[in-house]
Every structure is written in structure tokens, then in C-alpha cells.
Amino acid sequence: MPETFDFPLATELWTPMALTPDQRASRRGGIVVSAGRLKPGRTIEQASAELDSIGAQLERSFPDTNKGRRFMLWPAHRFLVDYDTHQYLVMLLGSVCFVLLIACVNVANLQFARATGRLREVAVRTAMGASRWRVVTQLLTESVLLSVGGAALGLLLAKWGISMIRGGMPPEVMRYIIGFKDMDLDSRALAFTVLAAVVSGILAGLAPAWQCSRPNLTDSLKEGGRGSSVGRGRHRLRNILVGAEIALAVILLVGAGLMVRGFHTLLNNGERMEPDTLLTMRLAITSNKYREPHQIEAFYHQVLDRITPLPGVKSAVAVTALPYSGHSNGRYFTIEGRQLDRGVQPDAMYQATSSKYFDLVHIPLRDGRLLSESDGAEAPKVALVSEKMARHWWKGESPIGKRIKLGAADSKNPWMTIVGVVGDITHDPYDHEPRATMYLPYQQAPALWMDVGVRTAGDPLRLAPAIIGAIRSVDPEQPITDMRTMAKAMHNQAIGLNYMAVLMGIFGVIALVLSGIGVYGVMAHLVSEQTHEIGIRMALGAPRESVLRMLFRRGMITTAIGLLVGLPLAYGFARLMASLIYGVTASDPVTFAGIPLTLMVAAALAIYIPARRAMKIDPVVALRCE
């Protein structure tokens, strides 16, 4: 195949599919994903209708296994880019838009201040016959040129930013992200940047240009008109813009705060596994050499026996899927004596594991007992269940002593007695909640493919050669893949959320800085316009503190209104994030109290600096100010 062929992602080798007779005969296994190309002129809707008809026919023919089952037809893009990834991209794009809108509001307020000084110029142009449209066009052109200049600088920063993102992405993760290796400033990115620059320039300059294009000619052309033509409407519009800026900043900062705190919660959950001293790897032994269950069990038993005595090794375990490994296996099961609706089949994550696994990853025992070495192949069949599984299927009662079996009630699988309930654990950073999980002794349910975890006293990678040698001494032909520390596995699995948290944090800091600059700019200009009023008040004996309170009251009211508008919207945004990302809570009191307080402090500081400067002006000088 050509080097550029990349479907499914990161595939480099294809082999024929060889299904066993049991796999071909089973109507319960979902191991095959089909792909096809539509005939010319056919649509997905038409193909879906045909598959619905086939699904209905199968349901009538095989009601026990096909009840309520239908085909899901997805475009290749939907298959490659899952729903959560799409939502994350929408959240990031929304954050970028918020920052852009805040910047537009800032520039608009600066344009208002600049327009006040140009009223005389605009009045002269109007008096000489310039139409209002001509004046607005000129001012908008200046605003768009300013935004295009900013876009050019932004492209340089974007080029650097893309290099930074690529450099921070591990190669073993990059190959599984669609389009990542082709990410660059191509023609589409440039076209989007130019469009965003033009639209931003229009948004930032439209309101100031419209206000400035209709001056009072008499006031503007006479001496001193500069200070007397600032109307209440312009002040009101600028206050509205500042309030909108604060509201947007609240939404973005709350989202950034929740994202960062959620990521730290995720890391803290993983820290209980002591990931820095845990070495993980994947063994996938071949069925042509290990055909019988007892051969598979003997191989992994010997592997653990060879690894455990090595100097520096505390313990070694085998399990079908370690947390953050990217591996998982779900299985249907039947509860003895439980009558369920037809077509409803309980399912849970399936884990075949050695007995020391729970101590290795610090999963606590809640009830009953843990698995032990005595739970061998000839011993009674037993299983553990997680708290999530126990709560869901045994509400209000203990599952200890109850029996379950893999597959349907009529399957040949043996019944297993539940002997313990263990705590939940986060298996994947993208899980919205812990998974319902069943644990079986690997001696009673040996699996060809298993993860091996080794707890060490020091740096796990230093022991990697000795551990590889121990495995090779059992069978030198079996492949060892994905050898890395648990810390590295967690980093690789959560790198998407890490990037999201970092980018959201950067956007939040930018929003905070822009909001502070915006409030400062508006207040500085308002104070300069009120210099004459301040001089009169102070000349008539008003204390400096009362004048300062007046300026604070005007600025903080606008800030408070922006917070009141932004907080409900931020809560809605937080609920969306909580539905997507495990660890994010929509009612985090620290974030919802800290962000408004931070914005209030930033606004107060932005008000205080120009107000304090105004307080130092001599009243006589202020009274002479035009």
C-alpha cells in the first residue's frame, strides 16, 4: 500500500480474516466492523433504509439474539472522529471565538475613545458634503486594516504554536490522531484567518463608526467642542460592551477552571496507583502454540514466577486490561434466577486477573473477599464485581453468594459465585463514569492476550531488560509490546484532555488579561472625560474618598451586571463539559466563587489605577481642563 494510506488509523499490516467455526456460528459476538462504498447515485439514507429492512427480517428470524438490534451506518468521518472528539473541538473553537469577541469589544472601546477625538474631523468632512455611508466606510476600512495587521502577526504565532503542539505529542499517540501529521497553515487556514480578520474588523469598528458618523456639527466645529459632544448614548453603549466582555470572560474562565480542575482530578485518581513505579506491557501469545486453556494458564503462571524474584521487583500481575492501557473487553452475562425483559442482556467490562492485581492498583475491598491463589482451574468458579455493577444489578441487596454466567442462560459457560465487591476505578480518561466490571481468576478464565504489570522499588525502566529476559526464558517467540511505565501510559491516554486543559487555561488567562485591559481602557477614558467634573467636586470641598467611591461605583456596577449575565451562561457551559469529561463537575464551588472574585479584583484594580491618577490632579488644573 502507498505510505499515505491510513485506514484504519495507524494500520501497517493486513492479514486475511480467519473466523473459527464457533465464531461463524455465533449470533452474539460483535467482532466484525464492516466497511463499504456506496454505489454511484446512492445516499446514506437509502442504504440505511435497506439495512433497516434487513435488520427487521433478522429480528423476526432470530428473536432471541436480534431483538431490537439494527445496523448503524456511519460515514467514514464519523467512524474516524468520534462524538466526544467532535465535542472537544467545538468547545475549543467556542473558546477561541470568545477570546476573539473579547478582543473585538476591547478594540471597539478603544475605537470609541479614538472617535471622540476625531469628531471635529468627521464634522468637517460632513460639512463639506461627505455622506454618512462614506464616513462609515472610511472608519471601517481603518478598523479592518488594523485587524488584518493583527492577523498577520497571529499567523506567525500560530506557526510557532503548531510546532510546539507537534513537538509535545508522543509519536506513538500522534499516529492514532486523524489529520494530526498533516496539520499546517494551508490555504484553508489562511482563508479562514483572512475571513476572521475582516469580520473582526467590521465587528470592532461598526458601532464606533456608526456613532461617530453623525456628529453635532455646531458643537463639534466650535472651539471646545471636543469635550462637550460626548453623549449619554455613547457612554451607555460602551458600558454595554464592557458588560458583555465581562460576561464572555466569565464563561470562558469558568470553562477553563473546570477543565483544569477536572484534569487534576483525573490525575489524582491515577496517582493512587503510584504510576511512576509501575511498569506495564502487553503479551499476545499465539493460539497455534497455546491451544488449550491449561497451556495459556501455565504460560502466564511461569511468566509471573520468573519476574517476581528479580531484584527490585515488589510484585507482578497479569490482567486482561490494565487501566489507561487502551485495552478493554466487554461481555454479556446472565444473573441466576433473574427474569429480564426480552432483548435485555446485562453486560460489564470483563477482567481475568491474577490475585495480586487489586493490591497493585490499590482497588479496595468493599465486601466479601478478594481472589486468591487457591481459586485455581479445578476450584469452584468465582468472581468479583465492582461497586458500580453491584449497585446497578443488585439494588438494595448484597450480591455476595449470587451466581452469574457469561453469555446467555442457555450457554455452556459455568455458573460463577460472586465472592466479593471491590471499589470502582477509572479505566480510561474519557469515561464519563467508572465502568461496571467483573473480575475472574485468570486460572479459571485464561486469555491469550493479557497485560502484565510489575511494581518496582525504583525506576521501572531500569529493570525492563531483566523483565524481558525473564519472559523470553519462558518462550522467546512470543511478542512483548507497549512496554512503558504507567505514568507514560496515563500521559498518552490523557494527552487529549491535557491539551484541552492547557489550551483552555491559556484562553482563560488571555480573556482575563483582555477583560482587565478593557475595563482599564474604558475607565481611563471616562476619568479623562470627567476631569472637569472631578475638579469642580474637589473645588467645592468633596473629599477624595467620595470622588473615588463615585468612580468605583460606576465601574463596578457595569462589572457586576456582566457577572450576573455571565454566570448562568457559564453554568450551562459547565453542565455541557460535565456531560463530556469525567472529573468535571458543573457545581464546583471553588471555580464558581473564585472566577467572579478574580474578575472583580481585576476590575477594581483597573478602575483604581486611573481613578488614583485623577485624584492627584490639582483642582485648579482640573477646572481649566476642556
Side-chain angles (χ1 to χ4, degrees), residues 6 8-15 168-178 180-181 266-267 270 273-287 289-290 296 299-300 302-304 306-308 310 313 315-330 349-354 356-357 360-361 425-431 435 437 442 446-456 459-498:
D6 203 17
L9 283 174
T11 302
E12 297 175 345
L13 178 69
W14 291 264
T15 61
M169 182 67 71
E172 64 268 27
V173 177
M174 185 189 304
R175 60 203 299 259
Y176 291 100
I177 304 176
I178 182 171
F180 194 90
K181 62 184 179 183
L266 176 67
L267 291 182
M273 291 187 293
E274 301 176 69
D276 291 328
T277 59
L278 180 57
L279 185 68
T280 68
M281 67 207 75
R282 183 73 163 172
L283 299 182
I285 61 177
T286 53
S287 58
K289 187 172 184 179
Y290 297 90
I296 302 172
F299 170 81
Y300 283 106
Q302 291 180 56
V303 165
L304 298 181
R306 300 285 178 88
I307 294 176
T308 302
L310 293 175
V313 172
S315 63
V317 304
V319 62
T320 47
L322 279 168
Y324 301 98
S325 64
H327 310 136
S328 64
N329 184 17
M349 184 175 176
Y350 170 87
Q351 290 275 56
T353 179
S354 56
K356 295 181 180 179
Y357 171 72
L360 183 85
V361 295
I425 188 171
T426 303
H427 191 80
D428 188 282
Y430 297 96
D431 288 341
R435 304 180 188 183
T437 308
Y442 83 98
L448 289 169
W449 292 20
M450 297 191 78
D451 289 333
V452 172
V454 181
R455 176 73 67 192
T456 64
D459 182 4
L461 295 178
R462 291 182 177 274
L463 295 177
I467 292 171
I468 292 174
I471 298 173
R472 293 275 188 252
S473 68
V474 178
D475 188 340
E477 297 179 354
Q478 302 310 312
I480 305 170
T481 61
D482 297 336
M483 179 170 280
R484 58 201 173 192
T485 65
M486 176 60 77
K488 181 65 173 178
M490 291 173 58
H491 176 265
N492 288 352
Q493 283 289 303
I495 195 166
L497 292 179
N498 185 24

Where do [X] and [Y] come nearest, in terms of heavy atoms and distance?
X: Ser328; Y: Arg435; answer: CB-NH1, 3.2 Å
X: Val361; Y: Met273; answer: O-CG, 3.5 Å
X: Leu304; Y: Thr308; answer: O-OG1, 2.7 Å
X: Asp276; Y: Ala487; answer: OD1-CB, 3.3 Å
X: Ala352; Y: Met450; answer: O-CE, 3.3 Å

Could you state the interatomic distance from [atom1] ([X]) to [atom2] ([Y]), rounded to the nearest 0.5 Å?
X: Met483; Y: Leu461; atom1: CE; atom2: CG; value: 9.0 Å
X: Ile285; Y: Ile296; atom1: CD1; atom2: CD1; value: 5.5 Å
X: Thr437; Y: Asn329; atom1: OG1; atom2: CG; value: 11.5 Å
X: Leu322; Y: Met281; atom1: CG; atom2: CE; value: 9.5 Å
X: Arg462; Y: Leu279; atom1: CZ; atom2: CG; value: 13.5 Å
X: Glu274; Y: Thr485; atom1: CD; atom2: OG1; value: 13.5 Å

Validation row: [X], [Y] side chains within 4.5 angstrom (heavy atoms):
X: Val454; Y: Leu463; answer: no
X: Thr320; Y: Tyr442; answer: no
X: Phe299; Y: Gln478; answer: yes
X: Lys289; Y: Glu477; answer: yes
X: Leu283; Y: Ile480; answer: yes

Count the heavy atoms belonging to other residues, nucleotides or ligands that lie under 6.0 Å from CZ of Arg472, then report whether that count exceeds 12. yes

Please lay out, stage by stage, how His427 and Gln351 fare under the test side chain to side chain contact (heavy atoms under 4.5 Å, CB included). CA-CA 12 Å; His427 191 80; Gln351 290 275 56; 4.2 Å; yes

Flag, side chain of [X] to backbone of [Y], donor-acceptor distance under 3.5 Å:
X: Tyr300; Y: Leu448; answer: yes
X: Ser354; Y: Ala318; answer: yes
X: Thr280; Y: Arg484; answer: yes

Pair Ile307-Val452, side chain to side chain contact (heavy atoms under 4.5 Å, CB included): steps then yes or no: CA-CA 10 Å; Ile307 294 176; Val452 172; 4.3 Å; yes

Dump the intermediate steps for side chain to side chain contact (heavy atoms under 4.5 Å, CB included) on Arg282 and Ser325, then the final yes or no. CA-CA 9 Å; Arg282 183 73 163 172; Ser325 64; 5.9 Å; no

Does Arg306 form a side chain to side chain contact (heavy atoms under 4.5 Å, CB included) with Ile471? I'd like the steps, not just the answer. CA-CA 7 Å; Arg306 300 285 178 88; Ile471 298 173; over 6 Å; no

Reference residue Tyr324; test side-chain contact (heavy atoms from CB on, under 4.5 Å); the match among Thr426, Asp428, Asn492: Thr426

